[in-house]
Amino acid sequence: MLWLYLHFPSLLLDNLSAAAPAVPMALAEPRRHQLLAVNAEAAQAGVSVGQSVATAVLLCPTLQLFPPDERRQQQLLQQLCVRLYQYTGDIALQPPDGLCIRAGTMLQLYSGFAAYWQQLQQLLQVQQCRVIAACASTPVSARLLARAGRQCLTLDPEQRLKALQQTELSYSDLSTEVQQQLARLGIRHIGQLQVLAPAELARRFPHEVVGYLQQLAGDSPRPLQFYRPASQFQHYLLLQYEISQTEILLRPVNPLLKQLQQFLQQRNQLCRCLILTLYFRQQAPRQIRVQAMGGEVQAARWQSLLSLQLEQVKLPEPVYALELQALQLSAAVAQNGTLLDDKQSGIEKNTTLSKVQLLSLLAAKLGQQVLHSPAYVSCHWPEQSLQRQAPLPEKEHNSTAASLMADKPYAIRPSLQLAEPVNLTEPIQLLSAPERLESLCWQSGVLRQRDYYVARNRQGQQLWVFKTPAQQWFIHGWFS
């Protein structure tokens, strides 16, 4: 067996530095006011780990300080695991700063360890995070080498054993009390501990010493829980600085939308609803709901919908964190293509919106409550036959409209019909024979009668007009 351990000594700080390059940064312990980690720019200014915050600020006045965030660290480790899972299997998270990979099963696929590690290294370089990698025959040995800072990527067992024996016990999982007890006897390296008899170790030291040596040798393997892709998308993001303007909120949201796109593409799914939660210091969190009626996967289209929603939001105070959650996931349905590609016909795909995409944009801009679709009922009188309903997804809308029109006994009806007719005040030309509609009100005994025509005005528009017995003319709709 071959195990590969990836140790990320400054994952959170690397992520902060990638967002703002060339800026000196450091993680500071809030209680002790000491530095826990520094980036390269801060180190060049003389700032180092263990210094007090006051000393670091005197050495580098532009130093930006951030508190450690375990939740954010866990999310970054999870994101790395998701990206690596595209190229390798059997990944076990080792919080707070490591990933353990069963690499032996991947060597045949990549035709050797060199090509396999090159693929993983390219992905890690894109993420701009510092990593220390080590190979070993057991997960505990690989973890120990990587945490000790030994970049051991050789497949030679003797070289790996030599590197392991030279590793200090301070990087092991043994308790501090046991390490101090061993140090008083002059035992400070793994090799010094391995040469001792197990019976003597069990008699003089706690059981964890013998158990740890067995884990290093693989005689008592430590159980690992391998990563499995999540079925839901939900990401929390602590902002590097508080944001008080809604248009600036799109900058930290864009990376989350790209992660959502990758999440959906890997599962061949569509998302119909996004919930963006904004967190404030004093006020209660606020949720912004964004709908894509036909389902969407592209990050750019989600961004346009979200920007329209944010235009109408007024922040009561600055936002310090946000969370993005995807709801109403469904399987993506393949679309029928055309014989000629859109690029060959000179049409860009991004410039053409489908019906459901247009509905989603209108809903984000105006509100979904103001959007309606026409629905016909069994009544020959126009004012009563046409009703309004909520807009449907494109597939359902087309099928429903087709069935309603099939049941409708009238062949000539305008695509845009007014709820109430208006007076005709312009000259027209009649294009069709009259269609008489009449009804008798059984309560009052009044006969209602209209003669409907298809007409054209001087602008070339086709109208649906009618004439009453009193020779009054009205417009009741337009034909598209």
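- Gln151 and Val131 get closest at one heavy-atom pair: OE1-O, 4.0 Å.
- At a threshold of 4.5 Å between non-hydrogen side-chain atoms, the residues Ser231 and Arg267 do not count as touching.
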TODO: Verify side chain to side chain contact (heavy atoms under 4.5 Å, CB included) between Leu153 and Phe113, making sure each step is shown before the conclusion.
DONE: CA-CA 9 Å; Leu153 296 175; Phe113 181 79; 4.1 Å; yes
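- Contact of the Gln232 side chain with the Leu329 side chain is registered, since non-hydrogen atoms from C-beta on lie closer than 4.5 Å.
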- [ ] For side chain to side chain contact (heavy atoms under 4.5 Å, CB included), just list the numbers for Val23 and Thr62, CA-CA rounded to whole Å, side-chain angles, deciding distance to a tenth of an Å, and then say yes or no.
- [x] CA-CA 8 Å; Val23 176; Thr62 59; over 6 Å; no
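- Under a cut-off of 6.0 angstrom, the local environment of CZ in Phe66 is crowded, with over 12 non-hydrogen atoms contributed by other residues, nucleotides or ligands.
- At most 12 heavy atoms of other shown residues, nucleotides or ligands fall within 6.0 angstrom of atom CD in Gln108.
- Once rounded to the nearest 0.5 Å, the distance linking CD1 of Ile187 with CG of Leu201 reads 7.0 Å.
- Checked by atom type and distance alone, the side chain of Gln291 pairs as donor or acceptor with a backbone atom of Arg272 at under 3.5 Å.
- Of all the heavy atoms in Leu123 and Leu84, the pair that sits closest is CD2-CD2, 3.5 Å.
- Within the 4.5 Å cutoff, no side-chain heavy atoms of Leu237 are placed close to those of Leu324.
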TODO: Apply side chain to side chain contact (heavy atoms under 4.5 Å, CB included) to the pair Arg160 and Thr154, showing each step before the final yes or no.
DONE: CA-CA 7 Å; Arg160 296 203 302 259; Thr154 178; 3.8 Å; yes
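- With Tyr87 as reference, Gln119 is the one residue of Gln122, Gln119, Met106 to meet the side chain to side chain contact (heavy atoms under 4.5 Å, CB included) rule.
- Annotation: side chain to side chain donor-acceptor pair (under 3.5 Å) contacts involving residues 241-254, sequence neighbours excluded, comprise Glu242-Arg281.
- Using a 4.0 Å cut-off between a side-chain N of Lys or Arg and a carboxylate O of Asp or Glu, Arg301 and Glu296 qualify as a salt bridge.
- Among all heavy-atom pairs drawn from Pro67 and Leu12, the shortest one is O-CD2, 4.3 Å.
- Residues Leu27 and Leu35 fail the side-chain proximity criterion, which asks for heavy atoms closer than 4.5 Å.
- Cation-pi geometry between Arg228 and Phe226 is not satisfied (NZ or CZ under 6.0 Å from the ring centre, within 45° of the ring normal).
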Task: side chain to side chain donor-acceptor pair (under 3.5 Å) between Ser304 and Ser307, intermediate numbers included - done: CA-CA 5 Å; Ser304 62; Ser307 63; 5.7 Å; no
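- Inter-residue side-chain proximity for Gln266 and Gln86 is flagged as met; some heavy-atom pair is nearer than 4.5 Å.
- Separation of the Tyr227 and Tyr85 ring centroids falls under the 6.0 Å cut-off.
- No donor-acceptor pair closer than 3.5 Å links the side chain of Ser220 to the backbone N or O of Gln214.
- Nearest heavy-atom pair, Pro68 versus Leu36, reported as atom, atom and distance to 0.1 Å: CG-CD1, 4.0 Å.
- Atom CG of Leu249 sits about 7.5 Å away from atom CD1 of Ile288, to the nearest 0.5 Å.
- At least one donor-acceptor pair closer than 3.5 Å links the side chain of Asp14 to the backbone N or O of Arg130.
- Side chains of Arg143 and Tyr5: a donor-acceptor N/O pair is present below 3.5 angstrom, by distance only.
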- [ ] Might you work through the salt bridge (Lys or Arg N to Asp or Glu O under 4.0 Å) test for Asp173 and Arg147, ending with a clear yes or no?
- [x] CA-CA 10 Å; Asp173 296 332; Arg147 291 177 61 87; 5.1 Å; no
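- Listed for the Gln192 side chain is a donor-acceptor partner under 3.5 Å among the backbone atoms of His189.
- In this structure the side chain of Leu276 never reaches within 4.5 angstrom of the side chain of Val290, judged on heavy atoms.
- A distance of 10.0 Å separates CG of Leu11 from CD of Gln74, quoted to the nearest 0.5 Å.
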TODO: Might you work through the side chain to side chain contact (heavy atoms under 4.5 Å, CB included) test for Glu317 and Gln283, ending with a clear yes or no?
DONE: CA-CA 8 Å; Glu317 61 177 280; Gln283 303 290 334; 3.0 Å; yes
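- For Glu323 and Gln234, the side-chain atoms include at least one donor-acceptor pair closer than 3.5 Å.
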- [ ] Please lay out, stage by stage, how Glu208 and Ser175 fare under the test side chain to side chain donor-acceptor pair (under 3.5 Å).
- [x] CA-CA 9 Å; Glu208 66 172 303; Ser175 62; 3.1 Å; yes
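- Nearest approach of Cys135 to Ala142, heavy atoms of both residues: C-CB, 4.4 Å.
- No side-chain donor-acceptor contact under 3.5 Å links Thr176 and Gln179.
- Tyr236 carries Arg71 over the face of its six-membered ring, with the cationic atom under 6.0 Å from the centre and within 45° of the normal.
- Proximity of Ser172 to Tyr212: side-chain heavy atoms (C-beta onward) are separated by under 4.5 Å at one or more points.
- Gln328 places no side-chain N or O within 3.5 Å of a backbone atom of Cys273 that could act as its donor or acceptor partner.
- Distance check, rounded to the nearest 0.5 Å: NZ of Lys258 to CG of Leu260 gives 13.0 Å.
- The aromatic rings of His235 and Phe233 are tilted relative to each other, their planes meeting at an angle between 30° and 60°.
- With rounding to the nearest 0.5 Å, the separation of CG in Leu213 from CG in Leu193 is 4.5 Å.
- At a cut-off of 3.5 Å, with distance as the only test, a side-chain donor of Thr167 or Arg150 sits close to an acceptor on the other residue.
- Between Leu164 and Leu144 the shortest side-chain heavy-atom distance falls below 4.5 Å.
- Among the candidates Val140, Leu224, Ile101, the single residue satisfying the side chain to side chain contact (heavy atoms under 4.5 Å, CB included) test with Trp3 is Leu224.
- Contact check on Glu200 versus Arg203 returns a salt bridge, with a Lys/Arg side-chain nitrogen under 4.0 Å from an Asp/Glu carboxylate oxygen.
- A donor-acceptor pair under 3.5 Å is formed between the side chain of Gln51 and the backbone N or O of Ser48.
- Applying the 6.0 Å contact sphere to CD of Gln125 captures more than 12 heavy atoms from other residues, nucleotides or ligands.
- A side-chain donor-acceptor contact under 3.5 Å links Thr55 and Ser52.
- Annotation for Val319 and Leu239: closest pair O-CD1, 3.4 Å, computed over non-hydrogen atoms.
- Atom OG1 of residue Thr88 and atom CG of residue Leu99 lie 10.5 Å apart, to the nearest 0.5 angstrom.
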